Every structure is written in structure tokens, then in C-alpha cells.
Amino acid sequence: MNKPSAVETKTRVIKKSKIDYSQGPPPVSINAAWCKACNICISLCPQNVLAADIEGKPVVAQEENCIQCGACWTHCPDFAIKSNYK
Amino acid sequence: MSRVSLLEVKIPEDRYEIRLSGSGGQGLVLAAMLLAEAIGADASKSVIQTKSYGPEARGGASKSDVVVSTGEIYYPKALHLDLLLAMTQESLNKYYPDLKAGGTLVIDDTLVSKLPTQDYYGLSFTRIAKEQLKNVMVANVISLGAIAAITNVVGLDALLTAVLARAPRGTEEVNRIAVETGYQEGLALKLKKNPPTN
Amino acid sequence: MPRGDRQLVMGNMACMRGAIYAGMRFYAGYPITPSTEIAEGCARELPKLGGHFIQMEDEIGSIGAVIGAAVAGSKAMTATSGPGYSLMQENIGYAYMIEAPCVIVNVQRGGPSTGLPTKVSQSDTMQARWGTHGDYTAITVAPSTVTDTFTETVRAFNLAERFRTPVTILMDEVVGHMQEMVSFPEPGECEVFNRTKPTCVPSSYMAYGPSKTCVNPMPSYGEGYRWFATGLTHDAHGFSTDKPEEVVVELDKLRNKITNYEDEICKVRAEYMDDAEIAIVSYGSVSRTALQVVKLAREAGVKVGFVQLQTVWPFPLKQLRELLAKTAHVIVAELNMGQIVGEVERVALGDTKVHSLLRYDGDIFTPMQFLEKIEEVRS
Amino acid sequence: MSIAAKEAGARQESDVVLRYLRPHVKFPNMWCPGCGNGVVATSLIRAIDKLGLDRDNVVLVSGIGCSSRMPVYLDFQALHTTHGRALAFATGVKFSRPDLKVIVITGDGDSLSIGGNHLIHACRRNIDITTILINNYIYGMTGGQISPTTPPGAHATTTPYGSAEKPFEACDLAKGAGATFIARTTVYHTTQMDRLMMEAIQHKGFSLVEVISNCHTYYGRLNRLGQATALLRMFQEKASVQDKGTNMVDDRTKDMIPTGIIHRDSEKTELCDEYQKLIDSLAKGKPA
């Protein structure tokens, strides 16, 4: 197998979510105790919803951007992300 | 301890040891099973059958032993044969030394020509099977019939029952004739060798 | 079959019959001389009873399938000889570890390696005790006649189910291949033990939890008890652990469940031992000739006794120590270069002298060989 | 489907994974950060849940290796066996109890090297077992030695100068051996993985799902391929998703990873079914 290209910067147009999260929980909750800070969720999120905290674990930074694609929680190897879709 | 030497101990004589030998493919292991079943049908007798196993079963000298006793059989193999059936020259050469003095030797004189003794029963099992019964496969069964006539180890009826119980469907008649032919031939030969003395 | 209906039966077939009598309904195996007739018999009989027979790709797969069927809920068995028994060893160790009840038959032939495929031997005796790696306690039984093979196979299954452990039946080529006129017990005549199932609520079930008898109930798959089986050293729930205190508890339990019940497991047949000056200790097909020789010697006025190990492992230490306490000489007869004799030496106390009668040329002892040995010991 | 229904479904799916984890096991799991094994585990749970299988009747059988630790975390019947032998144990479970759903979790070393013989024979028998083969091209648990799938020239601790060997193609091997449902996916393609797992579990006969996964700890590091995310991006780029539910065209010549259903045969008879027919015919008194 050849070397992969470096992780690309996402260039997708950010769509505004139709959902208003201001009244309830954030779109995803992260179980920091189970998270091992692998960076997959942050990297795969097409909307830059997640950002790394000081330990490298994800925190919800721009919840209004979430389009509920599921990339973060279906790729989490540590059973640590839960979707809070309403 | 008493000073009786155990080396002088006589192994009890209530054992009758039979060896059926020939070449692989002559059906001697099966014949020994039939013989053991026929003898064992008499509940007063114990019987054990063992066989030489492996490459011999596919050619070369093959043997199967049957040990009969009125008591319990401990040592399961044959050591000093009371009866040796040799269906080939090779098997005779190999196993004749195991026949005890006064033991009965039965040979197939179609295939055995060089004999170490004059005291034997020679019948042409293979030729009879081929020519009279048109089935060379029943030579082993003919030999069992002859053994029943020559020795008292098994009765004709018990032998017939055992043979027919295992005969493949459609071969009952040829097997029945084979047992009876062997028995008649054996009886005739026995009378010839030991004419009635009255 | 009705009682008294005598049949000419081969030892290997008696093993198959005994297993079916005990409730065996799953057999996986691979052909190897001189055990193959057991597989052939199972292939013919099991589907008639709704049971399952499968010829696996090798002996490793065979014992694997047997353990799989055992944890799924079946009484399962495999049979093999020398090289196949060696191949099975890793998975037999796994069965010890997860406490899977199953029966492994080894119809012994000469070794090492391919050795003497068609000839008799008892050279796997120590392998039955120490074959797989690690520390464990094994149960092994050894039949000596065709009838014995039937009853000892039933007993092997009972022990396997009772103690949740693999049990080895050490047969040998002579016992496996000899045919005798026998009649088998009718259903209900011999005791058949079935494994204990849990009765607690599934959430509180522990596959390896503390237990007075050291044996935990074992559910079948699909009964609502989801448990985890692993070959790793595990805790009470079955999950791997390397905590020293949990490791010791687990390994002690595996040993104690057998050593605490040795009286129940160890079966020894003794005859003419009350006043015996010389004892002959044997197992397997050798015991047949040994008993004949003991009777011959007694008739000649020589005080010889007979001891047959029907359970070889755990070694019947207590029984033998009692039996041999007053015996001046012990002759240990076996078809190998001396395996059980070492165990008897550990047992023999005081002035008891232990002698070894060995044969490893592929044939069994003749009565004369025994008599010569007794004479040698006497003089 | 309305947006609300879709959302409700999605929430259920992410929640559902937690409901299938074992209560007595410690988390976080033992895998390296970013290891694909966890991704496969969640996908498997979703597939089993969507199919509505009774978890008491689902048996996960595994061998030895990182991937084989999966049944520790998933609350089903579990048999964590010896190295390479999972399929032999699974054969015993399934053949003796055809009512159970048997799923084997295995790795490339476990199933193709030490367990290769059991794999080809399970394929040949077409026994109704689903095998999830997580292929990360290397031995992870023992510390980065080559496996039967390591690409030529790739570095491992036992090929410090690059591998001189040729690898196995697991799916081709299974097809040649007689498996009747064969699919490939990667840990990047989770939606496809969910669907392939459901199809594989539903398939009557031997099914194999090869999941290309990342061992960035050894394979990634020794071959300078980067971290987990870099490997996932690589799978995204190289995968040629051409599955339309039919047997697909192989285009590995372009150094691609073909994904989707590679082979499906619904005609071939299944082992347990055939044996049951034999049992039934014997019960009626006439051998088949």
C-alpha cells in the first residue's frame, strides 16, 4: 500500500443545522472516562462540531453546525459517543 | 515363601486356540468373527477374537485368532495353537511353528504344496469355491464348514446360524451351500484319515 | 438389547455403546489407527438417535468442536490415538481451564511419533496426566476388557459431568480391537449423571464463583445465562485476571474440585491382597494376564495379589498405600519404559520393594513373562 | 421517512450499543486508542439489534489476538478459545445446536495463519456460521510481526527489511474453499459495514465479512502511514465501493480495496440442514 495523503483540511460548505439545541442537551455526549483521545471523531466530523480539549478528548464546540451524519459515533472505537438527537 | 517354582506351572488346558491365516483379502478376519460368534452362541463358552492389523490386512500373511474356553479368558491372544488353518504357503510357513504338538492343521491344498508334516487335513477350498460354487469369495466360509466337521469346536447348526446372520442380502444361499459343502468335504476327509475301527 | 443377549463386540464398539448409554450425542473426530472404529460406530449410530457426528479436518479441530458442543449443552466425545492425542493437548488444556465436561478416548499405540500404529502400548500414561502445559489435575480411567470398556466409558462421562472437567479414557490397541461375547446393561441399570444446571436468576449467575464443592452449575447456551469462557486465568465471572489473589483462588479451585473427591473418583480392583507377599499392579489390557497369573500362582501355593488401577489419574494414592502396606514386593507391569512405576514407588513405604516389569516391543505380556518375574523376585 | 423518525432511529442506534455491553467488564476497553476493533464491535451490535436476534441465542466465538478480545465486551454467549481454533469450536457449537446464531470474531493471523485449515474447511462445509475477519495486515497483540495478509515489501518486526512473502487474499481463499457469502468493507465505511454484517448474519450458509482495519500502533508506525485517522482516510481513498448487491468486479490491479458483496451463492445446501434431513430420514426408518 502507498503512503496516504495527509489528512485533508475539510473544505465542505458548512450547512446550518435545522435543529435548535439551545433548549436541550448538545447533539452528542462524550463519555470522557471511556474516551482514549484517538482523534477519529474530531477528524472525521465534516462540520467541525468537535474540538480537542487539553487531553485531546473531544468536546462539543460548535453544536449548531451538527448535521447528524453519525460519523463521530459510528467511528468511535471506545463506545464513548452517544447521539442526543431529538 | 514356599519353594514351588512357578516356572513349572502348567497353563490350564481349558483353552482352545484357533488361528485362521492366509493372505489379505481372503476374508479370514471375517471368518474368525463368524467362527467366534458361532462358538460364543453357546453361553457356557467364553470366546475372544483378535486380529493382526495393519499392512498385513492389505496383502501378505494375515491372521486372526480365536481363543475358546469354558472358563474366563484372561490372556487374550493365541500362544500355542490347537488349530491352524493355512490358506497360503506363506502363512503356513509363518505360523506352523506356533501349532502345538498334536494340534490340528488344516490347509488349502490349492495354494499350499510344501508341508512340514504328514499329519494334516488338506482340502481345496479355493478350487471348490471357484469351480463348484462359482464364487471364490466363499472359500473362507467353506473352510469354516470343514473345521466344524474335522474338529468339535463348533456345531454345524450354530455355524450356519452365524454365517447366515451376517451374509449380505442375496448371498444367503451360496453361503449356506458353502458351509454345507465344507462340512461334507471335511467329514469325508476325517473318515478317510481315521477309518472307523470296529 | 435384552439382557443375556450376548453379542460379539469389539472394545472400540463397547466404548461407543457406553458413551451413547451415558447420553453422548455429539462426536467429532479424525481417523487414526487404532481408534477409528469408534468414529465409524458413532457415524452410524448417532444420527439414528438425533445426535450429531462430524469428521473434522484434524484432531485439533475435533477436540475444539467437542468442547464447543459441550458448552452448548451436549455430552460430547472424541477418540484418537498417539499422534492425535498429542495434537489435542492444547485444547484439552483449554477444556480444563473453562471447565468443559467432555471425554477424550486415547486408544494407545506405540510411540513416540508415528511409532507403531497397529501395535499395543501404554506409553501415553504420563501424557494423560501431564500432556497439556500448565498445572492442572486430570482424571483418567483405563479399561481392561470389552465389558469394562462399556462401564468405564459410562463412568468417564459421569465424572466429566459431575466435576465439569475433561476425562481421558486410556484404552490400548488390544482392548480396543479384541472382540468378546458380551451383553450390555439395560437402560437404567447403570447410573448416568447429568450436569447440574443453575437455578439462580441469570444476573446473579457466576460461572466460576465460590462454591463449596468447587464445581459451579453449568448452563447450556440459550437458557438465559450469558457467561464468558476464556482460556485465560479468570475471576469468578470468567473474565481474565492476573491479580495474584484471584489467580491462586482459581487454580486451587481447579485442583481441589478433584483432589477433594479422590475417594469418589479413584477406583481400584484388588484380589488376593489380604495375605499377599507379592502384589502385581497393572492397568489396561495387562491386567487380564496379570489376574490369570495371580490365580495360577495361588494354585501353586504362592501368595501373589492382584491390583488393577481402573482410575489411573488422579493416582489412587490412599488406596494403594493401604493395599501395599504389608506387601513385601510389588511388581508394576506396564507396556512402556516405566511410567506408573514411579507413582507406585512414591506410595510404597517402609520395606516394600518395587519391581518393574516392562515391555515395549508392541506386544502384551505372556503369562510366562509374569511367572518368570515373580520367580526372580522370590529368589 | 420523516426527519423526526430518522432522528429517533439514529438516537436509538447510538444508545443501543451501550445496552449490549457487559456489566461486569471494566471500560475503557483494552484496545489502543483509535483501534478499528471497537468500530467493528459497535457495527456488529447494531446489526444484531436491527435483526432483532435474541441475545441469549447469539454465540460469539473468537480465538486469540486483539480482535478476538471483542466477546469480552459484548454481552452475548461467548467462547474465547485458543489461537486459530475459533472456527473449530464454532463448528461444534453450531453443528450440535443449529438453533443458535454463531458468529466468529477473528483476525488475519488467527484465521489465515494458525487457523487457516479450520477456515477453509468451514467454508467447504458451508456451515451456517458468520465470520467477521478483522484484517489489519499485522500481528498486533504480539507486537507487530508479519501476518499472512501483510503486503509485499511491508515492514514488520519480523520483516525489518520489508516482507519478501506474498499475501493471502482472504475473500478469494474463502470463495475458492466454498463459502457462500463473502463481503469486504473497511472500518471507515461504517454504514456499509452495518449492512454487510446484517446480510451476512441473515445468510444461510458460511458467510465471511472481511473488515480492513487499522493497526496504526504497529502497521502504521512501522510503515510510516500515520495515526488512526490517517489510516481511515487511506481506506476512504482506496476503497472502491461498487456493491450493488451483486457479485462485484475485482479491481485490485489499481491498488484499490474493493468493498461490498464479493460473492453470494444461495443455491448451495447448508451442512446442518443436510444433516437434519439425514436424521429425519433415519427416524422414518429409511436411510437417505
Side-chain angles (χ1 to χ4, degrees), chain C residues 25-28 44-58 60-76 78 90-91 93-95 97-98 100 102 202-203 206 219-232 234-240, chain D residues 22-26 30 54-62 64 68-69 71-72 74-100 102 114-115 117-118 120-122 124-125 127 271-272 275-276 278-283 287-288:
Chain C
R25 290 296 179 271
F26 184 92
Y27 181 99
R44 192 176 60 239
E45 298 304 324
L46 281 178
K48 292 186 199 165
L49 301 162
H52 293 80
F53 167 90
I54 188 166
Q55 180 175 321
M56 290 297 285
E57 49 274 14
D58 55 29
I60 303 172
S62 302
I63 180 72
V66 160
I67 298 168
V71 292
S74 299
K75 288 189 181 180
T78 185
E90 186 198 7
N91 281 346
Y94 178 80
M97 196 53 140
I98 71 159
C102 56
S203 59
M206 284 191 281
S220 299
Y221 283 163
E223 291 179 342
Y225 298 86
R226 293 188 298 274
W227 61 291
F228 182 74
T230 178
L232 292 160
H234 41 256
D235 60 17
H237 287 283
F239 300 108
S240 68
Chain D
R22 282 191 196 274
H24 301 295
V25 174
K26 272 196 232 110
M30 52 82 70
D54 177 357
R55 63 209 274 186
D56 287 331
N57 289 333
V58 175
V59 187
L60 300 188
V61 187
S62 67
I64 294 294
S68 292
R69 290 294 180 99
V72 175
L74 274 46
D75 194 9
F76 300 100
Q77 303 290 2
L79 203 53
H80 176 229
T81 70
T82 49
H83 195 21
R85 317 301 171 196
L87 272 162
F89 286 81
T91 300
V93 173
K94 182 69 188 181
F95 193 56
S96 70
R97 289 282 305 277
D99 58 309
L100 299 170
V102 181
I114 186 167
N117 200 28
H118 306 302
I120 58 173
H121 286 278
R124 171 179 66 78
R125 295 186 180 107
I127 184 166
L271 175 73
C272 302
Y275 202 81
Q276 190 57 48
L278 168 71
I279 291 174
D280 293 343
S281 69
L282 286 169

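Predicted model only: the values in this text are computed from it and were never measured. Here is the naming used below: chain letters follow the sequence lines, and residue numbers restart at 1 for every chain.
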| remark: Most heavy-atom pairs under 4.5 Å with chain D, out of C:E223, C:K48, C:E57, C:E90, belong to C:E57

| request: Go through D:S62, D:S96, D:G115, D:A122 and name the one with the most non-hydrogen pairs under 4.5 angstrom from chain C. | output: D:S96

| query | Is there a donor-acceptor pair under 3.5 Å between the side chain of D:R85 and the backbone N or O of C:G61? | reply | no

| task | Verify side chain to side chain contact (heavy atoms under 4.5 Å, CB included) between D:N57 and C:Y221, making sure each step is shown before the conclusion. | result | CA-CA 7 Å; D:N57 289 333; C:Y221 283 163; over 6 Å; no

| field | Closest-packed option against chain C by number of heavy-atom pairs under 4.5 Å, given D:V58, D:I120, D:V25 | value | D:V25

| What closest approach, in Å, do C:A72 and D:L100 show between heavy atoms, and which atom pair accounts for it? | CB-CD1, 4.4 Å

| So which of C:A28, C:P47, C:G50 has the biggest tally of heavy-atom pairs under 4.5 Å with chain D? | C:P47

| request: Mind telling me whether D:H24 and C:H237 have parallel, tilted or perpendicular rings, with 30° and 60° as the class edges? | output: parallel

| Between atom CG of C:N91 and atom OG1 of D:T81, what is the distance when rounded to the nearest 0.5 Å? | 7.0 Å

| task | Could you walk me through whether D:R125 and C:I54 pass the side chain to side chain contact (heavy atoms under 4.5 Å, CB included) test, one step at a time? | result | CA-CA 11 Å; D:R125 295 186 180 107; C:I54 188 166; 3.8 Å; yes

| Can you tell which of C:D58, C:D235, C:V71 has the highest number of heavy-atom pairs within less than 4.5 Å of chain D? | C:D58

| said: I'd like to know which of D:V59, D:D99, D:D75 tops the heavy-atom pair count under 4.5 Å against chain C. | reply: D:D75

| note | If one checks every heavy atom of C:V66 against chain D at 4.5 Å, the contacting part turns out to be neither

| Side chain, backbone, both or neither: which part of C:F239 has a heavy atom under 4.5 Å from chain D? | side chain

| query | If every non-hydrogen atom of D:R97 is compared with every non-hydrogen atom of C:G222, which pair is closest and at what distance? | reply | NH2-CA, 4.4 Å

| Greatest number of heavy atom pairs closer than 4.5 Å to chain D - which of C:S220, C:G224, C:S62, C:G231 | C:G224

| Does the separation of the ring centres of C:F53 and D:Y275 fall below 6.0 angstrom? | no

| remark: So NE2 of C:H52 and OG1 of D:T91: to nearest 0.5 Å the spacing works out to 13.0 Å

| field | For D:L79 against C:G68, the heavy-atom pair lying closest together | value | CD2-CA, 4.2 Å

| message | If I measure from the heavy atoms of chain C, does D:L271 come under 4.5 Å with its side chain, its backbone, both, or neither? | response | side chain

| field | Straight-line distance of D:T82 OG1 to C:I67 CD1, nearest 0.5 Å | value | 7.5 Å

| said: Suppose we screen for side chain to side chain contact (heavy atoms under 4.5 Å, CB included). Which residues come up paired with C:L232, at least two apart in sequence or across chains? | reply: C:T230, C:S240, D:R69, D:H80

| task | Verify, without hydrogens or angle tests, whether C:R226 (side chain) and D:D56 (backbone) share a donor-acceptor contact under 3.5 angstrom. | result | no

| field | Under 3.5 Å: donor-acceptor pair, side chain of D:Q77, backbone of C:F228 | value | no

| said: Under a 4.5 Å cutoff for heavy-atom pairs, which residue among D:H121, D:K94, D:H118, D:K26 has the most contacts with chain C? | reply: D:H118

| Tell me, side chain or backbone of C:F26 under 4.5 Å from chain D's heavy atoms, or both, or neither? | side chain

| Pairs of heavy atoms under 4.5 Å with chain C: top-ranked of D:Q276, D:H83, D:R22, D:R124 | D:R22

